[in-house]
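Take a look at the structure set out below.
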Amino acid sequence: MSDDKPRDSAVGIGLIYPELLGTYGDRGNAVVLVQRARWRGIPAELVEIAAGDPIPDSLDVYIFGGGEDDPQHMAAEGMRASKANIERAHRGGAVVLAICAGFQLIGHRYVAADESVLEGIGLVDLETRAGSPRLIGEVVVQPTENDVWGELGTPRALTGFENHGGRTTLGPDVTPLGNVLAGGGNGDGSGVEGVLEERIIGTYLHGPVLPRNVELADRILAWVTGGLPSLDATLEQSLRAERLDAGMSKGARKWWRDRMLARG
Ligand code: GLN
């Protein structure tokens, strides 16, 4: 799909089960992808897949957002039923962006606080267990240097907002989205955040993540459309700078507090 030939149809940005996986405004990710494509003269459309409907294999981007445990259970059922379509689309060149509950569900399983096991779709080798305390607040992530980023290269530090109890552990051969500079991230003690594979990003970052980090949005678009002309990003970069300041000062405060506690 990422050839530079003109496309014969609009880029289909799929927002999956927004009624269930939309608690944290993750719809904004789909809006940003559509708009950044259109600003470049690339036809794009937002395709909403309503809760319970089969997920087609014809989309270019599959966006799974965050949601609390009950809606997450309902979403998991539909995702498992459409697992073959999602896998086929991904093999054919589509991108998967999965946030928080969605991130957990592209893994093998989510083990809730009562030890009940919610099966995911196993697109990526990872699993999540509910933990305590809940990780809430600003996050800053230094993305992993990796060839999968493509021609645009590794994006600069990402900012987001997290709100989850899950502790996610990546399989031994799986690459994280990045290292945590501030906040909790995957929360399993590894100091990493999210997952990064060819045309797959899983992350705990809300915000939503793509309006806050347009460099990440453009890498996702480029995975689908090939080379992209640059856009003026003055406003977006001032938002990024503001959020980076907020996140890093939180990181610095935490570093200072931990140091004081360690001293006793
Ligand atoms: N239920 C999951 C957790 O708390 C996901 C939460 C979310 O999507 N914000 O870990």
Side-chain angles (χ1 to χ4, degrees), residues 14-31 48-49 51-52 55 62-80 86 96-141 158-171 174 176-178 180 182-195 200-213 216 243 247 250:
L15 186 61
I16 314 297
Y17 303 162
E19 313 90 322
L20 301 173
L21 301 175
T23 321
Y24 299 89
D26 296 319
R27 162 184 294 272
N29 296 319
V31 173
E48 290 194 34
I49 307 299
I55 303 168
Y62 292 75
I63 300 179
F64 302 98
E68 293 312 316
D69 285 15
D70 285 347
Q72 185 176 5
H73 267 80
M74 293 186 240
E77 214 172 294
M79 286 173 68
R80 286 196 307 265
I86 301 166
V96 173
L97 171 65
I99 315 291
C100 204
F103 168 40
Q104 296 169 354
L105 291 177
I106 61 167
H108 299 299
R109 62 194 65 84
Y110 171 67
V111 183
D114 63 3
E115 291 294 320
S116 61
V117 177
L118 177 62
E119 296 292 338
I121 61 168
L123 186 66
V124 183
D125 182 17
L126 59 86
E127 79 166 21
T128 305
R129 297 189 74 85
S132 179
R134 238 183 134 68
L135 302 171
I136 303 173
E138 291 290 324
V139 194
V140 182
V141 177
L158 308 170
T159 79
F161 188 88
E162 65 184 336
N163 183 355
H164 58 102
R167 305 295 195 259
T168 298
T169 305
L170 304 181
V174 178
L177 175 61
V180 175
N186 289 357
D188 66 334
S190 59
V192 302
E193 209 290 322
V195 69
I200 299 179
I201 290 175
T203 178
Y204 278 111
L205 303 189
H206 300 289
V209 65
L210 296 187
R212 280 194 182 205
N213 303 281
L216 187 63
R243 289 295 88 204
K250 173 189 157 170

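One-based numbering, in listed order, for ligands and for the atoms of each.
Under the 4.0 Å criterion applied to side-chain N and carboxylate O atoms, R129 and E115 are assigned as salt-bridge partners. With salt bridges taken as basic N to acidic carboxylate O contacts below 4.0 Å, none links E127 and R167. Between R80 and E119 there is no salt bridge, since no side-chain nitrogen of the basic residue lies less than 4.0 Å from a carboxylate oxygen of the acidic one.
Rounded to the nearest 0.5 angstrom, Y204 OH and L177 CG are separated by 13.0 Å. Between atom CG of residue N29 and atom CG of residue L210 there is a gap of 4.0 Å, rounded to the nearest 0.5 Å.
With sequence neighbours left out, the side-chain contact (heavy atoms from CB on, under 4.5 Å) criterion links A182 to V140.
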Filter the ligand 1-protein atom pairs down to N or O on both sides and distance under 3.5 Å, then list them.
unit_1   : atom_1 : unit_2 : atom_2 : d
ligand 1 : 1 (N)  : D69    : OD1    : 2.4
ligand 1 : 1 (N)  : Q72    : OE1    : 3.0
ligand 1 : 4 (O)  : R134   : NH1    : 3.3
ligand 1 : 4 (O)  : R134   : NH2    : 3.4
ligand 1 : 4 (O)  : G165   : N      : 3.0
ligand 1 : 8 (O)  : G67    : N      : 3.0
ligand 1 : 8 (O)  : G67    : O      : 3.1
ligand 1 : 8 (O)  : A101   : N      : 3.0
ligand 1 : 9 (N)  : Y24    : OH     : 3.4
ligand 1 : 9 (N)  : N163   : O      : 2.9
ligand 1 : 10 (O) : Q104   : NE2    : 3.0
ligand 1 : 10 (O) : G165   : N      : 3.1
ligand 1 : 10 (O) : G166   : N      : 2.7

